[in-house]
Asker: 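Structure below; questions to follow.
Everything numeric here is computed off the predicted structure, so don't read it as measured data. Each ligand, and each atom within it, is numbered from 1 in the order the structure gives.
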Amino acid sequence: MAKKHILIVPGDGIGQEVTTVGKQVLDRIAEKFGHEFTYDEALIGHVAIEATGDPLPEETLVKMRASDAILFGAVGHPKYDNDPSAKVRPEQGLLKMRKELGLYANLRPIKLFDELLEASSIKPEILKGSDILFFRELTGDVYFGKRERLDDGNTAYDTMIYSKYEVERIARKAFEAARTRSKKLMSVDKANVLESSRLWREVIQKIAPEYPDVEVEHQFIDAAAMLLIKDPRRFDVVVTGNLFGDILTDEASQIAGSMGMLASASVGDSTGVYEPIHGSAHDITGKGVANPLASVLSAALLLDISFGLKAEADAIIAAVDKVLKDGFRTRDIANSETPADKILGTDAMGAELLKHL
Ligand code: IPM
Ligand code: MG
């Protein structure tokens with residue numbers, strides 16, 4: 001019996017709708033497996049700015065540090081996207097959380113459910129059997145390097161910066177994971193141009209001999225982006241920097257058919273954060289049509305990685321598999337052949353899922 005305290009941080013847009021379902025699933029798991037989960041909630045992003053002026057209020061940070069794991073929704077609001085001059089932005093809350101909690105490793109599993117082979121715009125015969133685990137570095141790179149406006153605002157720069165220890169700690173996590181999978185690791189960089197990438201590659205090469213059972217392949221980001229569409233099955237465990245990882249994992253989401261299906265885990269020094277890789281999706285917010293499965297699968301990752309509850313996580317994944325096999329779809333993963341009565345909204349999809357838990 002596990003006794004755990006979970007913080008729900010819905011954030012903006014569809015974050016609220018999808019984490020509601022994620023929490024219902026956690027509740028059901030606790031009931032079924034005899035665990036005791038307690039919950040609290042906290043603000044981040046645009047909703048936090050509206051309430052307090054701060055995208056990551058101190059109160060939220062305190063609650064985050066005091067919890068055993070965090071189920072996270074999304075941050076962002078369209079009003080900032082077309083206003084580059086906004087000084088306070090929802091995304092700052094997300095980045096500060098990653099830094100403050102030391103969440104340097106972002107795991108993004110690209111798991112393809114067979115039922116969704118047709119939902120991708122890539123040919124099924126190219127996709128079938130793809131199974132990729134990305135390790136995106138999350139607290140370094142241009143995201144946190146020095147940036148500035150010069151020249152009366154007419155020039156700007158951002159700094160791509162990495163230190164050896166930052167590369168080494170994420171690389172070790174990726175090597176360890178490769179050991180438990182197909183023993184292949186691809187490291188992605190731009191070492192033909194960037195000094196920070198040459199350092200990256202140097203570190204990977206230096207520690208590789210400690211994992212003699214893992215075969216390492218280096219790819220440049222441009223080639224990796226091309227290969228991912230051409231031959232996704234060639235990828236297994238991938239380790240890369242913050243910016244390349246951001247871009248590559250959005251691309252990889254199309255292998256799974258929809259961003260609405262993909263979960264992620266951000267781990268490191270303290271409390272882990274589990275969130276869908278999709279964003280706040282204001283175009284569909286409040287309509288009750290968002291796909292809750294990425295949040296549900298994030299809850300599964302939370303149980304597995306932060307609490308070591310593998311059987312519980314597997315029960316969730318099996319339930320997702322079952323609802324898909326039964327033909328149920330949210331709008332984003334439906335196609336022209338999906339019968340109208342099988343296209344469910346967020347809550348109905350959650351209810352269908354709970355039937356199998
Ligand atoms: C992600 C998102 C964030 C990022 C944004 C919202 C700042 O795209 O988690 O992938 O770039 O890291
Ligand atoms: Mg992204």
Asker: Ignoring hydrogens and angles, state whether a donor on the side chain of N291 or T330 is under 3.5 Å from an acceptor on the partner side chain.
Answerer: yes
Asker: What is the nearest protein non-hydrogen atom to atom 8 (O) of ligand 1, stated with its residue, atom name and distance?
Answerer: D246 OD1, 3.3 Å
Asker: Can Y157 and K146 be counted as having a side-chain donor-acceptor contact under 3.5 angstrom?
Answerer: yes
Asker: Taking the six-membered ring for Trp, is the centroid-to-centroid distance between Y80 and H46 below 6.0 Å?
Answerer: yes
Asker: Return the closest protein heavy atom for atom 3 (C) of ligand 1 as residue, atom name and distance.
Answerer: L94 CD2, 3.9 Å
Asker: Does Q92 have a heavy atom less than 4.0 Å from any atom of ligand 1?
Answerer: no
Asker: Take every heavy atom of R108, measure it against each atom of ligand 1, and state whether any distance is under 4.0 Å.
Answerer: yes
Asker: Where the closest heavy atom to atom 7 (C) of ligand 1 is concerned, which of H278, R89, E91 has it?
Answerer: E91
Asker: To the nearest 0.5 Å, what is the distance between CZ (F175) and CD (E168)?
Answerer: 10.5 Å
Asker: Have a look at ligand 1 and work out which part of R136, if any, has a heavy atom under 4.0 Å from it: side chain, backbone, both or neither.
Answerer: side chain
Asker: Stepwise, does the side chain to side chain donor-acceptor pair (under 3.5 Å) test hold for S67 with H5?
Answerer: CA-CA 5 Å; S67 63; H5 186 63; over 6 Å; no
Asker: Would you say the side-chain atoms of Y104 and R98 include a donor-acceptor pair closer than 3.5 Å?
Answerer: no
Asker: Considering only the protein, which heavy-atom contact is closest to atom 11 (O) of ligand 1, and what is its distance?
Answerer: Y143 OH, 2.5 Å
Asker: Which residue and atom name correspond to the protein heavy atom nearest atom 9 (O) of ligand 1, and how close is it?
Answerer: R98 NH2, 2.7 Å
Asker: Is it the case that the side chain of S120 and the backbone of I122 share a donor-acceptor pair, with hydrogens and angles ignored and the cut-off at 3.5 Å?
Answerer: yes
Asker: How is the N/O/S atom of D246 that comes nearest to the Mg ion (ligand 2) named?
Answerer: OD1
